[in-house]
Every structure is written in C-alpha cells, then in structure tokens.
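Written below as structure tokens is the structure these notes are about.
Starting from 1, each residue takes its place in the sequence as its number.
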Amino acid sequence: MTNSTLESGFERVDKPGWKRSLPIIVIFLIVISAVVRSSITTSLDSFTYDEAYHIGAGVAYVETGDFRLNPEHPPLVKLWVGAYVKMLGYKLSPFRSFADKEDERDWVEKDAYFANDPLLLQARSRTAMLALNAVLMLLFAGAIWRSFGSMVAIGVTLYLAIDPTVAAHMPVVMTDLPIALTSGTAILSSVRAFQTWRIVDAVVAAVALGLALATKHSGIVVLIAVGIIGAVFLLFSLRSATWRVRSQMAGLVAAIVLGGVVILWAFYGFRYAETPGVSEETFNRPLSAKAADIRSPAFRNAVIISNELHIFPRAYTWGMADTIRAGVEGRAIEVLALGQLYFAKGPWYVFPVILAAKLPIGLLLLSLMGIGLLALRCLPAEFVPPALAYAGFALLVLVFLIRGSSYAGIRHAMPLIPFLALFGGLAISYAVSKSKPWYRILTAGLTLFAIVSAVPQMRPWEYFNEVAGGAENGSRYFKDEGVDLSQRIGEAATFYHTELEPKGELPLLIYFSNSNDRKARGMDYIGRDDERDEHRLDDDLVTGTFMIGSNELGRSMWWDVGEPFRGVEPTKRFGNLFIFQGTFRRPVAVVARHLFYKTIYSSIYTSTPDPRAAIEGIERSISLDNSCFFAYLELGNQYLAVRDREKALEAYRHSMEKVSTSDSVSEMISTQIRRLESDEALESISPLRNPGIE
C-alpha cells in the first residue's frame, strides 16, 4: 500500500477471506434493492412511446436474422428482450414493404398490441430489462472496483440505486441507461488496459467498447474517447519505452478500438446487408435518402464514406444517419428549459441545468464533494488517471450534447449520471475511511436526505428535486422527453373506463401517446372516429372532459394546444397527466394539429400519395391555425408535386417567415425559395424533408 493511499484515507487492498467477499455481497444486495425499488415505483407506468416498436424489431432480429426494422437503434437491447419474449411465445407477422418509418412503426406495433397480449408483453419486457440493467450495473461496479477499490464501488452502486432517473429507466426497453452503464465500463476498462498494457485487460476493454457500440449510436463517442485516451497514455509512456515497446503499446490501443468494432459486427452476425441473402436495401427508406436529410456536409459525408468503406454494417450506418439528423441536428421539436422556449436546441447550459434539476440534491452535493477531493488532491495518486480520463469523456459527451438537440432531456444526458456517481462514491468512500467526524456526519446526512427524498417517489420518470419544483411543479419549467414519454396512458384509459364510459362521455385526449396503445386499451375519445366526431369541436365554447399531458399544457411556439387550460385548476391529476372538466374555449390548435397529421399520413407518407388531397387537408389545417412553419413547408412540397411554382413559392415563403432562424432548417427553406425564384426546372427541384416528423 502506498503512502499516498494511507494519507488519503482510502483502503485499496482488500483483505482475504470473508472480508473480501463482503463488498461483493453488499453490491449484489444494493443492485437487488434497486431492481425491487424500480419495479414498485414504476408499476403505474405504461409502455413509453417507442418500446413496442423496439420489442417487435428485436423479435424479428432473433427469429429471422433480418435487421431492417428499427435500425436507428443498434441491436443489443432489442436482441436481449426479443430473445426473451420470443421464447415465451411472441407472434411475429411476415414482412412486407414499408412506405416510410411511420408505416413500418405501425406494422410492428400492430403485432405487439393486437397479435400479442400487450400487458403480458410489457410485464415480460420489464423483467428482461430489469435483469439486463442489473447485469450492466454489476459490470460497471466491477470496473469501478478495479480502478478505485471495493468501497468506492459500493458507494457508486448505492448512488445509482438511489437516483430516480436510473430507477425510471431500469425496466424500459430503451437504450439510455444501458449506454450510460456500458460507456462508463468501457472507459474505465480501457484506462485499466492502458495502465497495465496487458492483453487480458485489452480484451476486457474491447468487449466493453463493443457492448457500448452495440447499445446506442452515441457509443461512437465512446469509441472516439477511447482512442483519444489511448493516445494520451501512449504519449506519456514514450519517454521510458523502447521503440519495440512503443509499437506494442500502439498496437494494443488499435486492437481495443478495432476489437470494439469487431464486437459490434458480431451483433449483426458479421453481415453487412440488413437482410440475409439479399444485397439490395430493404429499409423503409433508402440509406441515400437518409444521408441526404443530414444538413451538415461534414456529417453527411461521414455517413456516406462509412457506408462506402463498409466500416459498419449497413443497418448501423442507416441508424447513424437517422441519429445525426434527429439527435444532433434536431427535429422540429420545442424545448422548454427554465421556463424559456427554444427551437430544437437550448443554450449551452441546458443539459447541466437538467442534470442539476433531475438529480436528488443529496446526490448532487456528494458528487461536488468528490470533485472537490480530486481538486484538493485528497485522492490517492493511482485514482487520478482514471478519474481524469472519465472526466475527459464526460466533457466530450457534454460537448456533443450542447451541439445537439435538446428534445430528449435527461435521457440523452444519462452517460453523465454514472460519471457523477463515481465522484459521489469517492465522497462516500472517503467518509467511511479515516476522515474527520464532521465529514462523516455530513456525508451520511446527504446520503440519507437523498434516500428519503428520492426513493419513495412513485412515477420516478417525473422526478425533479426540491429546488427545481419537485415532481409536482418541475414540468412548469421543463418540457422534454425526460418529463413524460406517454407513460400515463394506462391511467388515462382506466379513468376513461371507470369515470366516463359508463356515462357515455368521450374525452378530448391531448396527450402524446401511441395510437395502437390507446386502441388496445379500448379507449375511445374525440378524434378517434373522424366521421363521427367531425363537428364535436365546432362551437366557440366546448364542454366536457379534457385529458392533457404536462408537455402539451406548457407554452408552444406553434399549435399551442394547452392555451385554453393553463391557469385552471385540474379536476384530477395522475402524475403529469391532467384532467380538466368544464367549459373551455374551443381548442382550435388541437383541431388544426390533428387535421395536419391525419392528412400527411393518409395522403403523403403512404404507398399511394395523393398531393391534391394533401393540399386540401393542409390548407384546412392552416386556415384554423397558421402558426406551424412545417405545415407550410409540407404544403410547398405538395404544390411542387403538382408543378405549381407560384403556390409552392408562396407556401415556402410563409414557412420561412415562421421558422426559427437559429436552426439550419431556415437555410434549407431559403435555398428552396431561391431555386424556385430562378428559372430552374421544377422537375429538378426535390421536396424538402419535413423536419416535424421522425
């Protein structure tokens, strides 16, 4: 044991016998407790919007080896869940061709919700994901242990078990928590390999990196970080190494990076094409079109070159193009942060603020204490390299978050939670060791405060800490997918069946949720049958029951659907689902939005497009509410399709007047206007991809 270790108060050498086994037992018990807590506190949650899509695609991967479905997410999570639910009897329909992503999604979801029992499917998928995330949490704890010792590993695991966002994500079939855990494991395992330069450590690092790549496309950031960290360690090792040793070290760095890519290929069966035995593309939309959607020439060229060189399987590259377009460049989605509305991307401080708002105050302060220990050089010398390397990775993640879209909120920032947990674990470990009594009391108090304030929280997805307004009021200041992702639709259906259906009353549902989920629950509402409900919302004042989510209730740049209800006390509330009953002004924006989406998915994004019908429907929508820029953009596309230059130009100009100039989509519209104003033939001008759809 080094003197620095003794002076810092950290115990790195694990004692033999039962004392060595005790930390392992404690970590296992904490993880089991986290699983139980998550299972109980998320028991009211329905499927998130995307889960059925992921599950159905995963079953298809397992049963057919075909990766054409849902390629925007790599296969690790989907293969895991798909294998489990397939083993228990999931029924998969034969493939067909798809007109676009929405058509594909609808086909997969109809299988999940109607060919199978959706409630049983959710229960099974929750079991699979709780098991997967428990395993990944244990692997992350192991990586922490190897770099920082058993006590820090216990502290980090406890931190993650307390955090409500981790609890909320443990049972859901999504990639955010798995990438957070696999990325941390990959970074720390790579640092370990670069410290020891041993082959066995390099193999562990390559496998961990491959798991991160196969979990989510942001795993590419992990790949970049591992390469940078390896180069830094290599440079620091050059002074005392011979040329032969240097070349061996460089080879080990390259082996870890390439090994991670090989592991990724293994998840796709080492096959470039998405469909077995078919060289042609079978996606819902060609990869060339997906690449063309990317507005940045640098990103677009990166996707094209990756595909030409076959660096990744084609399905992975297709998903990378989709991720860049939606996650980096951003779709037409509003973001409310600290009460201020932004188009697609918030200011640089949005993600740090979201982290500060979503983490329990006790945990946040523990992390700051751990960072202080590093800054004050209270940590053992051997802790510093892995801590700084992990900090460098966290900084790289933060840079990508700041440059990217903000619509997902805490979901996309989740790789930063295990990073902060490391410093919380360091603070806890320091308190357990030979620190002063006041520090121990402070650390214990913060940990207890975090447990008391966070662990009992039902619906943990909706958690905000006390400074941010708590679960009751946090949604007033934030509007993103970290606030709500359709989990309350089951409670909405229960309210409908128990309170409204016996009276023959139809509610107006203003809540982002899956239409197939609503149908499977037997829920009826105004707008489900357009012929029946065509005139229900014609009057200036409308009386009835209105169900609206917190994201919809907040202010909007376009289609401000919550405006008639803001400032009114709800009759009932189920988490972030609000029930209003009474007489309100006609919700014109709701009607306009419904008409627009009904039109585009029946007349544009279908196997038999009808531009004339699309023009009629979009113009009716705009006549009710003309605030939405991409409604005008889509109208311009349809006039372009029928070769009406003047009306297409007029529509694009209206779109340009309403679009946010802070986003590059305004440049895209401006270019389209200039082309139409010139003598360029209409046949050579392509329609613009609607930034308001997936």
Ring pair (Phe, Tyr, Trp, His ring centres under 6.0 Å) involving [X] - partner list, sequence neighbours excluded:
X      : result
Tyr652 : none
Phe565 : Phe546, Phe580, Phe584
Trp559 : Phe596, Tyr597, Phe630

Would you say that [X] contacts [Y] through its side chain, given a criterion of any heavy-atom pair below 4.5 Å between the two side chains?
X      : Y      : value
His169 : Asn133 : no
Leu130 : Ser39  : yes
Met129 : Pro178 : yes
Phe574 : Ile579 : yes
Leu633 : Val659 : no
Met656 : Ser666 : yes
Pro74  : Thr215 : no
Ser453 : Tyr463 : yes

Can you check side-chain contact (heavy atoms from CB on, under 4.5 Å) on Asp530 and His594, steps first, answer last?
CA-CA 10 Å; Asp530 286 310; His594 172 76; 2.7 Å; yes
Give the intermediate values and the outcome of salt bridge (charged side-chain N to carboxylate O under 4.0 Å, His left out) for residues Lys216 and Asp176.
CA-CA 8 Å; Lys216 192 169 182 148; Asp176 304 295; 2.6 Å; yes
Residue pairs fulfilling salt bridge (Lys or Arg N to Asp or Glu O under 4.0 Å) with at least one residue in residues 622-637, sequence neighbours excluded
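For residues 622-637, and leaving out neighbouring residues, there are no salt bridge (Lys or Arg N to Asp or Glu O under 4.0 Å) pairs at all.
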Residue pairs passing the salt bridge (Lys or Arg N to Asp or Glu O under 4.0 Å) test where at least one lies in residues 546-562, sequence neighbours excluded
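For residues 546-562: Asp560-Arg566.
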Within a 6.0 Å radius of atom [atom1] on [X], are there more than 12 heavy atoms belonging to other residues, nucleotides or ligands?
X      : atom1 : value
Arg586 : CZ    : yes
Arg536 : CZ    : yes
Arg403 : CZ    : no

Between [Y] and [X], is there a salt bridge with N-O shorter than 4.0 Å?
X      : Y      : value
Glu104 : Arg285 : no
Asp50  : Arg105 : yes
Asp533 : Arg528 : no
Lys572 : Glu499 : no
Asp524 : Arg518 : no
Glu667 : Arg295 : no

Taking [X] for its side chain and [Y] for its backbone only, find out whether a donor-acceptor pair lies under 3.5 Å.
X      : Y      : result
Asp539 : Leu541 : no
Thr606 : Ser602 : no
Ser46  : Gln487 : yes
Thr41  : Pro460 : no

Looking at [options], which one forms a side chain to side chain contact (heavy atoms under 4.5 Å, CB included) with [X]?
X      : options                : value
Asn284 : Glu102, Lys101, Lys290 : Lys101
Arg573 : Arg488, Glu491, Glu472 : Glu472
Tyr601 : Ile693, Asp103, Asp106 : Ile693

Is there a donor in the side chain of Asp484 and an acceptor in the side chain of Tyr511, or the other way round, less than 3.5 Å apart?
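Result is yes, a qualifying pair exists.
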May I ask you to check whether Asp538 and His535 show a side-chain donor-acceptor distance below 3.5 Å?
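A donor-acceptor contact under 3.5 Å links the two side chains.
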Where do [X] and [Y] come nearest, in terms of heavy atoms and distance?
X      : Y      : result
Val81  : Ala128 : CG2-CB, 4.1 Å
Leu500 : Thr545 : CD2-OG1, 3.7 Å
Lys78  : His54  : CG-O, 3.4 Å
Pro71  : His217 : O-CE1, 3.8 Å
Ser367 : Tyr159 : OG-OH, 2.8 Å
His497 : Arg521 : NE2-O, 2.7 Å

For the atom pair [atom1] ([X]) and [atom2] ([Y]), what is the distance rounded to the nearest 0.5 Å?
X      : Y      : atom1 : atom2 : answer
Ile600 : Ile618 : CD1   : CD1   : 7.5 Å
Ile510 : Ile526 : CD1   : CD1   : 9.5 Å
Ile354 : Tyr477 : CD1   : OH    : 15.5 Å
Ser125 : Leu132 : OG    : CG    : 12.0 Å
Leu355 : Met414 : CG    : CE    : 10.0 Å
Ser556 : Leu336 : OG    : CG    : 9.0 Å

side-chain contact (heavy atoms from CB on, under 4.5 Å) for Ile489 and Phe47? Distances and angles first, verdict last.
CA-CA 8 Å; Ile489 192 61; Phe47 270 142; over 6 Å; no
Using side-chain contact (heavy atoms from CB on, under 4.5 Å), reason through Trp461 and Thr42 one step at a time and then give a plain yes or no.
CA-CA 8 Å; Trp461 194 284; Thr42 62; over 6 Å; no
Could you walk me through whether Thr599 and Arg620 pass side chain to side chain donor-acceptor pair (under 3.5 Å), step by step?
CA-CA 10 Å; Thr599 296; Arg620 284 177 59 202; over 6 Å; no
Going by atom type alone, with no hydrogens or angles, which donor-acceptor pairs under 3.5 Å involve a side-chain atom of residues 464-471 and a protein atom two or more places apart or on another chain?
residue	atom	partner	partner atom	Å
Asn465	OD1	Val467	N	3.2
Asn465	OD1	Ala468	N	3.0
Asn465	ND2	Ala356	O	2.6
Asn465	ND2	Ala357	O	3.2
Asn465	ND2	Leu359	O	2.7

Should Phe400 and His412 be marked as a side-chain contact (heavy atoms from CB on, under 4.5 Å) after you check the CA-CA gap, both sets of side-chain angles, and the distance that decides it?
CA-CA 10 Å; Phe400 275 91; His412 284 178; over 6 Å; no
For Phe343 together with Phe629, are the ring centres under 6.0 Å from each other?
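Centroid distance Phe629-Phe343: below 6.0 Å, so yes.
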